[in-house]
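To start, the structure itself, in structure tokens.
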Amino acid sequence: MMMVRPTNPRCVSCLPTTLGSALTSSIISMEAHRGSSALPSFTAAVPQPQTPKPSAVTSTKLMKAYFAHGLFAHARELFDKMSHRDVVAWTAMISGYASSSQHHDALLVFREMMGEGVPPNAYTISSVLKACRGAELWPAMAAVHGLAVRCGVDSQAYVENALLDVYMASHGEGEGMHDACAIFKGIVKKTAVSWTTMIAGYVHHGDGHTAVQAFQHMLQEGVELSPFSCSAVIRACALIGSLTFGKQIHTAAVKFGYQTNLPVSNSLIDMYCRCMSLSEARQYVREMPKRDLITWNTMISGLERLNSTEALELLIEMSSHNVQPNCFTFTSIVAVCANLAILNFGQQVHGAIVRRGYGGNIPLANALIDMYAKCGNVVKSCRIFNGMDQKDLVSWTSMMIGYGNHGFAEEAMRLFDEMVSSGISPDLVVFMGLLNACSHAGLVNEGLKYLNLMVDYNVTPNQELYGCAIDLLGRSGRLNDAYELMERMPFEPDRSVWGALLGACRMHGNSSIGKFAAQRIMDQKLECAETYIMLSNIFAADGDWVEFARTRRLLKGTGSRKEAGRSWIEVRGVVSSFVAGDEHHPQMGLVYEMLCFMLGNMKTKEPVYPFISYKTFVFHSGYTASSIPLFHKLNVWHIGVFAHGKLQLALPMEEVKLPQERNGEDRREEKRKEREVAFQDLTVWSKGAV
DNA sequence: CTAGGGTTAG
């Protein structure tokens, strides 16, 4: 038995105290730097509107300067004063707005120009197409395409590439992509820009394989690698998770001297993080001669998904370099707070976000909804959700999942109806959230209703969703239905599906379906230790020792040895790690008392991954009034639920609502039964592969 | 006066 600090990044007690105070001071120092980081006083450097009338050429140049500094009103004023406005001046206005993301203004100026009967040229068309893309006005885009044809500029290089880009960006994989390919085929002289536009378009739609194919095709055609195509294809590697190909591009980038190009470097960091090669990402960042904000953000968000505590350390390092965080940075940091359930720090971050004026940023608000829900304050989530001027699909989903995890299935269902009537179509994640919410609240029929509703929204269930549905049926004891659904689904069941079914078999002591399942698992030669362990326990519970032994032999055959389920307990500042059966530990009595209590009170019979820290006690679900004294004895401040590899939620003790007590006799018998099953689980969970 | 590139959320 070792006395160690836990290494789980999600454990609150893993945050060294020094890190905690460093974080607080870094937030404070970021606040202090706000004044100095305000916009530079560029107004002095930019010419003010002049009283004597400048020539058309001078005016156009001045307009460009105003746009470059975001002084749209100045540009417009100057433009309105011009006596003769030629196509160049009009185009300068349109492109000025379009390049500053003022797409609607760009299109309004274009409409004005057409109203005055000024014929557009290739420059105008390119800028207008850019604005159409930015404003996502696809019908307008088609009209401009038609205009380009009538003006005879549609086969000019810049227009062709702009058309490629807008068609790639429109209508998803359907018509837009098809039209873009047709245009691409028609381009006689395909330049690096045309190729890059196609590659980036495929990447945008998440089709990494086609992007890589296009890239290879480009090289075959003798078009040289550019920093643009380089960063696009690196993103494609990140999408398909190909570290090997990514490294080849990395080598090529170095050969061409692009490794100092920041977009190339930053996409390389992202690629290494997404391909789970964190050490290479760290190494690369360390060797970079220059970093920008995106470099820091990319690394922080990469670590957030894999190593939350290190992401916070990087935030401190970033602030020590006087780099100011933006909304991307904050989004990752809020996600870190959710992963670690560090509500206090999360609230400080929230404060910093509001003070910096990022309160209206949708992704950031979504992350905050998720954070507060996972930290146990679903009321706060709701307040943020209701206060949003604009909500997107993720906002609704985050709120629904938050409600579902807190047991408010009805609220989640109400939100679903509201969302649909506000004109947003649900996707797979929405249905997953609803099925989980119904499953945990025992609302089987409602859950099934959503399963059948999916077809109306053209959402195709994947393996994981079937897993949810089978879990929904299985938990409520409808094992035959669960098995039938598994047979009907258009996939070979994977580990998550088998897990849901076998878990239900064990929960309800149904060995006959477990045995059916066994034959299929063996036929499939599934290389998954957990499945065999669950299976063997079903046989053990049934007293079928022949089958038990056979399953265990198969388990050994898979070669996948699960590490023993080491867990840890921290009581009053002392952390001990342990495995079940570790009899010599001085606090083993307390450890077992806690585990028995937890397992005895679980509503579900899934393996639990408990940890107790000085603030958080995490277990699966279900608690009773009798638990309160024990929580106090253990100095527990929060109660949490750890599942699917993440902390799902943590409740402060005072907010814990207790289930209705049932009368004594029933309850004792029920508890006895639960404990019996629970101890089997304890063995499975803690010993892993024996 | 015109086209292509890097980081974010469920």
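By convention in this document, chain letters (A, B, ...) are assigned in the order of the sequence lines, proteins followed by strands, and residues within each chain are numbered from 1.
Atom pair A:L78:CG and B:dC1:C1' shows a separation of 15 Å (rounding to whole Å applied). Taking atom CE of A:M388 as the reference point, atom P of B:dG10 lies 13 Å away to the nearest angstrom. Atom pair A:M113:CE and B:dC1:P shows a separation of 15 Å (rounding to whole Å applied). Atom CG of A:D165 and atom P of B:dA3 are 10 Å apart (whole Å). B:dT8 atom C1' lies 13 Å from atom CG of A:D370, rounded to whole Å. Computed from coordinates, the A:R291 CZ to B:dT7 P distance equals 18 Å when rounded to whole Å. When rounded to the nearest whole Å, the span between CE of A:M271 and P of B:dT7 equals 13 Å. Here the P atom of nucleotide B:dG10 and the CG atom of A:N436 are 15 Å apart, to the nearest Å.
The shortest distance between the side-chain N/O atoms of A:R235 and the OP1/OP2 oxygens of B:dG5 is not below 4.0 Å. Distances shorter than 4.0 Å separate none of the side-chain N or O atoms of A:K130 from OP1 or OP2 on B:dT2. Between A:R133 and B:dA3, a side-chain N or O to OP1/OP2 separation shorter than 4.0 Å is absent.
The listed nucleotides are B:dG10, B:dC1, B:dG4; the one nearest the side chain of A:A92 is B:dC1. Of the candidate nucleotides B:dT7, B:dG5, B:dT2, B:dG5 has the atom lying nearest to any side-chain atom of A:N261. Distances from the side chain of A:I294 to the nucleotides B:dG5, B:dT7, B:dA9 place B:dT7 closest. Picking from B:dC1, B:dA3, B:dT7 the nucleotide with the shortest atom distance to the side chain of A:K64 gives B:dC1. Of the candidate nucleotides B:dT8, B:dT7, B:dG4, B:dT8 has the atom nearest to the side chain of A:P363. The side chain of A:A162 lies closest to B:dA3 when the candidates are B:dA3, B:dG4, B:dG6. With B:dT8, B:dG4, B:dA9 as the choices, the nucleotide that has an atom nearest any side-chain atom of A:S301 turns out to be B:dT8. In this structure, of B:dA3, B:dG5, B:dG10, it is B:dG5 that holds the atom nearest to the side chain of A:S231. For A:T91, the listed nucleotide lying nearest its side chain is B:dC1; candidates were B:dC1, B:dG4, B:dG5. Closest contact between the side chain of A:Y123 and the listed nucleotides B:dG5, B:dC1, B:dT7 involves B:dC1.
Using a 4.5 Å heavy-atom threshold, the side chains of A:F256 and A:E224 count as touching. A:S100 is listed as a side-chain neighbour of A:F72, based on a closest heavy-atom distance under 4.5 Å. A 4.5 Å side-chain heavy-atom check between A:D370 and A:M399 finds every atom pair outside the cut-off.
Using a 4.0 Å heavy-atom cutoff across all strands shown, A:I94 reaches no nucleic acid atom at all. As judged by a 4.0 angstrom heavy-atom cut-off over every strand, A:T397 is placed among the base-contacting residues. Looking at heavy-atom distances under 4.0 Å, A:T60 makes no contact with the nucleic acid at all. Nucleic acid contact class of A:R85 (heavy atoms, under 4.0 Å, all strands): none. A:S194 comes within contact range of no nucleotide atom at all, as no heavy-atom separation falls under 4.0 Å. If you check every strand for non-hydrogen atoms under 4.0 Å, A:A122 touches a base. At a threshold of 4.0 angstrom between heavy atoms, the contacts of A:S332 with the nucleic acid are absent. Backbone-only engagement by A:T298 is indicated by non-hydrogen atom pairs under 4.0 Å involving sugar-phosphate atoms exclusively. Contact annotation for A:D427: base contact, defined as any heavy-atom pair under 4.0 Å involving a base atom.
Between the side chains of A:S265 and A:Y284, at least one donor N or O lies within less than 3.5 Å of an accepting N or O. A donor and an acceptor atom, one from each side chain of A:N121 and A:T124, are located under 3.5 Å apart.
Contact of A:N266 with B:dG5 (side chain to base): no donor-acceptor pair of N or O atoms is detected under 3.5 Å.
Aromatic ring centroids of A:F79 and A:W90 lie under 6.0 Å apart.
Residue ring and nucleobase are stacked for A:F228 and B:dG4, with a centre distance beneath 5.5 angstrom and an angle between planes beneath 30°.
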Tabulate below the donor-acceptor pairs under 3.5 Å that side-chain atoms of residues 228-243 of chain A make, not counting sequence neighbours, or state none.
from	atom 1	to	atom 2	distance (Å)
A:S229	OG	A:S226	N	3.0
A:S229	OG	A:S226	O	3.1
A:S229	OG	A:S226	OG	3.3
A:S231	OG	A:P227	O	3.4
A:S231	OG	A:F228	O	3.1
A:S242	OG	A:F245	N	3.2

